There are 2 protein chains.
Amino acid sequence: MNDSDEGAGSAARSKRRDARRNQETLLDAAAAVFVRSGVEAPVRDIAAEAGVGMGTIYRHFPTRADLIIAVYRHQVDACAEAGPALLATSATPHAALGQWINLFVDFLVTKHGLAAVLRSDDAGFETLHAYFLDRLVPVCAQLLEAAAGADEIRSGIDAYELMRGVGNLCIGADSDPRYDARRLVELLIAGLRRPH
Amino acid sequence: MNDSDEGAGSAARSKRRDARRNQETLLDAAAAVFVRSGVEAPVRDIAAEAGVGMGTIYRHFPTRADLIIAVYRHQVDACAEAGPALLATSATPHAALGQWINLFVDFLVTKHGLAAVLRSDDAGFETLHAYFLDRLVPVCAQLLEAAAGADEIRSGIDAYELMRGVGNLCIGADSDPRYDARRLVELLIAGLRRPH
DNA sequence: GAGCAAAGCGGAGCGTCGTTCCGCTTACGA
DNA sequence: TCGTAAGCGGAACGACGCTCCGCTTTGCTC
């Protein structure tokens, strides 16, 4: 599960052992640097932390986005899987939606600068963008649909738009004690409710 | 009014004519480039557009933030002044708040990338940050207070936080047809309303 | 009009960043 | 043991923000 491809199991056995080891080292180093200096840390720093050259980093992760995805893949997947679970166990769909959004916000806010990078329209982050969207938008859509079906929220809310909005609200949430993204996201979710 | 200082009118008569002319040229050039390439356009581009050297730009506007402020000052001031006016003419304080926020959103959305720059925690944008905040937060606070006084919205909403939230929601609003910042801001403002 | 100090100007140049490229090193099957 | 291709490192390139300094222009004085 921690490898990119070992499914059918025939043509994939090509990587050298040192290469594989370096990839793991790189992942650990990147995670450490991301925690220390934020997601926008210079690539050189990560290379230095891992004790490898620049070439190595770019061979394993062609773009910085790929590195970020690799580092956070597990957590994004966990968040995605939490959606249906919450829907099954919560009192109402709207409650499930609120809790799920909270999960997402917590994830974003604890990674310095991830939210900012996530929304960056800089080409080269497309894959990062795409990964988050592919994984999370359908879950959000499902939750929205359930809540709309239960007549708890307005209809016509677009999951993509809502996710982007929540992501945007999380930008700069660390590094500013006067700004609490959670509170605003809560307001946004409250605004979703059907006016009666 | 278009000069920085000619108030008391004695010690201020120091600038050479060519300097003054260049400053205006620079302002026009920057405005043009901002429209064409967004607020994050390279300084070199602005210098080229104005037909001056890099040194000139940095002498007149020590940081890029100063240039941005100079270009948009009028519009920000207009927005600030619209607050009390709306409060006086609108049916309810909450309506005034909504209209005023709309004004602000329109301003941000029409300037490519301004919202993104506005929230950047990059040092050197402090003055830009400060200018917007100084000018607009008090107005927003006044509107919030009026609405809270009329029992239309929850109390305890912080004007600074709300402004940052709205600003964040406007990030990337151009350059993505699937994302309409206005709609989300509307939702946020709706979420402000006192739950009854 | 001529001379002159200083205000102003331009762009070469520095440091930082992301990314590429290529000669050397190393793992591993024959 | 040895050949070779996969893998490695870091010098090098281009883009950027910003600084610095020799040259030009301006506006005053005589």
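All heavy atoms count here, side chains included; hydrogens, waters and symmetry mates do not. Here the structure is a predicted model, which is why all the values come from computation and not from measurement. We name chains A, B, ... by the order of the sequence lines, and we start the count at 1 in each one.
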### Query
Taking all non-hydrogen atoms of both residues, which atom of Arg154(A) and which atom of Gly191(A) are closest, and how far apart?
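Closest approach of Arg154(A) to Gly191(A): NE-O, 3.1 Å.
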[X] [atom1] to [N] [atom2]: how many Å, rounded?
{"X": "Arg21(B)", "N": "dT26(D)", "atom1": "CZ", "atom2": "C1'", "value": "10 Å"}
{"X": "Tyr58(A)", "N": "dA11(D)", "atom1": "OH", "atom2": "P", "value": "16 Å"}
{"X": "Ile57(B)", "N": "dG17(D)", "atom1": "CD1", "atom2": "P", "value": "10 Å"}
{"X": "Gln23(A)", "N": "dC8(D)", "atom1": "CD", "atom2": "C1'", "value": "15 Å"}

### Task
Under 4.0 Å between any heavy atoms, over every strand shown, what does Arg17(A) touch: base, sugar-phosphate, or nothing? Just pick one.
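Arg17(A): backbone/sugar contact only, no base atoms under 4.0 Å.
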### Task
Report yes if a side-chain nitrogen or oxygen of Asn22(B) is closer than 4.0 Å to either non-bridging phosphate oxygen (OP1 or OP2) of dG8(C); otherwise report no.
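No, outside the criterion.
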#### Entry: Residue whose closest nucleotide on DNA chain D lies nearer the 5' end, Arg59(B) versus Asp18(A)
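So the residue in question is Asp18(A).
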Identify which nucleotide among [options] has an atom closest to any side-chain atom of [X], counting heavy atoms from C-beta outward.
{"X": "Arg44(A)", "options": "dC18(D), dG10(C), dG18(C)", "answer": "dG18(C)"}
{"X": "Lys15(A)", "options": "dC9(C), dG7(D), dC8(D)", "answer": "dG7(D)"}
{"X": "Val52(A)", "options": "dA5(D), dC8(D), dG9(D)", "answer": "dG9(D)"}

### Task
Evaluate whether atom CD of Glu145(A) has more than 12 neighbouring non-hydrogen atoms of other residues, nucleotides or ligands under 6.0 angstrom away.
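Result for CD/Glu145(A): open.
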#### Entry: salt_bridge(Asp176(A), Arg164(B)) N-O dist < 4.0 Å
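Looking at Arg164(B) together with Asp176(A), the answer is yes, because their closest N to O distance falls below 4.0 Å.
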